[in-house]
Amino acid sequence: MRAGRSIAVLALTGVLAFGWTALAPADERPVPDPARIAAARELMAATGSARQFEAVMPMLMAQMEPLFLQMAPGKEQDVKDVLAMMQDRFSKRKTGLLEDIAQLYSEKMSTEDMQTVSKFFSDGAGARFVQIQPELVQGSMRIGQKWGEQIGKELEAEVRQELQKRGIKI
């Protein structure tokens with residue numbers, strides 16, 4: 001059971017690393033202006049959004065692998081094959097995600113603002129930032145996971161201690 005929870009936490013960590021938010025279903029959102037959508041796609045290309053996604057999937061799979069190997073001892077090759085298949089399958093869903101994010105950008109920013117930001121990320125310091133962004137995301141995920149594990153241990157210990165003070169043994 002603990003491994004299943006860990007897998008869910010890993011997946012959530014990956015999502016949170018990007019700051020992805022729950023979006024309204026496509027049929028509930030307003031129809032965007034094509035020029036704004038084009039500017040949003042341009043901005044996402046300039047900021048390396050797709051590349052960031054591509055960096056997360058392999059990392060998530062690498063984090064999940066030991067958990068599944070622990071749950072299925074002696075089935076290493078099967079686990080690795082299934083994870084590779086899932087990585088490929090879920091990576092293909094990137095297009096839909098990027099279109100939803102483009103719509104979100106188009107709802108929140110003007111065409112002119114998106115073009116200005118795109119220009120910044122296409123040259124100089126902005127372009128250098130985009131270039132190292134996958135490393136920053138991976139490093140942030142590792143740091144966040146380590147932090148979460150530490151906080152989780154401390155929280156569990158303190159909850160146990162407080163419950164014991166109240167005569168509750170767990």
Side-chain angles (χ1 to χ4, degrees), residues 1-24 40-73 76 79-105 107-109 113-114 116-163 170:
M1 182 66 110
R2 184 170 173 87
R5 240 181 306 154
S6 297
I7 292 167
V9 169
L10 287 174
L12 179 60
T13 301
V15 171
L16 292 176
F18 280 103
W20 294 336
T21 58
L23 298 173
R41 287 184 187 131
E42 180 183 320
L43 174 56
M44 292 170 62
T47 60
S49 295
R51 248 183 29 178
Q52 291 174 12
F53 178 83
E54 290 164 5
V56 168
M57 287 304 296
M59 187 172 190
L60 284 175
M61 293 301 165
Q63 290 174 343
M64 287 183 186
E65 185 175 303
L67 299 170
F68 280 108
L69 290 174
Q70 181 182 6
M71 291 186 287
E76 182 175 325
V79 168
K80 289 179 184 243
D81 290 346
V82 168
L83 288 174
M85 181 176 65
M86 292 300 120
Q87 179 175 334
D88 183 53
R89 182 181 297 167
F90 280 81
S91 291
K92 289 177 182 176
R93 294 169 61 178
K94 170 182 64 177
T95 303
L97 171 67
L98 294 177
E99 284 303 307
D100 285 345
I101 294 171
Q103 170 133 357
L104 177 64
Y105 281 27
E107 292 168 3
K108 302 296 180 184
M109 297 178 73
D113 285 347
M114 287 187 281
T116 299
V117 174
S118 292
K119 186 174 180 179
F120 170 77
F121 282 112
S122 297
D123 192 34
R128 286 189 295 280
F129 178 79
V130 169
Q131 185 176 15
I132 64 167
Q133 188 65 15
E135 294 171 50
L136 295 173
V137 168
Q138 288 179 348
S140 296
M141 286 178 65
R142 281 191 300 273
I143 291 166
Q145 183 179 9
K146 184 177 177 182
W147 178 85
E149 289 172 1
Q150 183 61 41
I151 292 295
K153 288 176 188 176
E154 290 176 27
L155 179 61
E156 180 182 358
E158 289 190 30
V159 167
R160 286 179 183 273
Q161 185 180 28
E162 288 298 318
L163 289 172
I170 50 173

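Predicted model only: the values in this text are computed from it and were never measured.
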Min side-chain heavy-atom separation [X]-[Y] under 4.5 Å:
X    : Y    : result
V159 : E162 : no
Q133 : T47  : no
M109 : L43  : yes
K146 : R142 : no

What's the spacing between [X] [atom1] and [Y] [atom2] if we round to 0.5 Å?
X   : Y    : atom1 : atom2 : result
R41 : Q103 : CZ    : CD    : 10.0 Å
R89 : M57  : CZ    : CE    : 11.0 Å
L83 : M64  : CG    : CE    : 8.0 Å
Q63 : F68  : CD    : CZ    : 12.5 Å
E76 : D81  : CD    : CG    : 10.5 Å
E99 : I101 : CD    : CD1   : 10.0 Å

Name all residues meeting the side chain to side chain contact (heavy atoms under 4.5 Å, CB included) criterion together with [X]; count only those two or more places apart in sequence or in a different chain, and write none if there are none.
X    : value
E42  : S118
F120 : none
I170 : R160, L163, I168
A72  : K75, V79

Shortest non-hydrogen contact from [X] to [Y]?
X    : Y    : answer
M44  : Y105 : CG-CE2, 3.6 Å
S49  : L98  : CB-CD2, 4.3 Å
A102 : A40  : O-CB, 3.3 Å

Under the side chain to side chain donor-acceptor pair (under 3.5 Å) test, residues paired with E154 that sit two or more places apart
Q150
Quick one: side chain to side chain donor-acceptor pair (under 3.5 Å) partners of K80, sequence neighbours excluded?
E65
SB check K119 D123 (cutoff 4.0 Å):
no
Side chain to side chain contact (heavy atoms under 4.5 Å, CB included), that's the test. Do E107 and L104 meet it? Break it down for me.
CA-CA 5 Å; E107 292 168 3; L104 177 64; 4.3 Å; yes
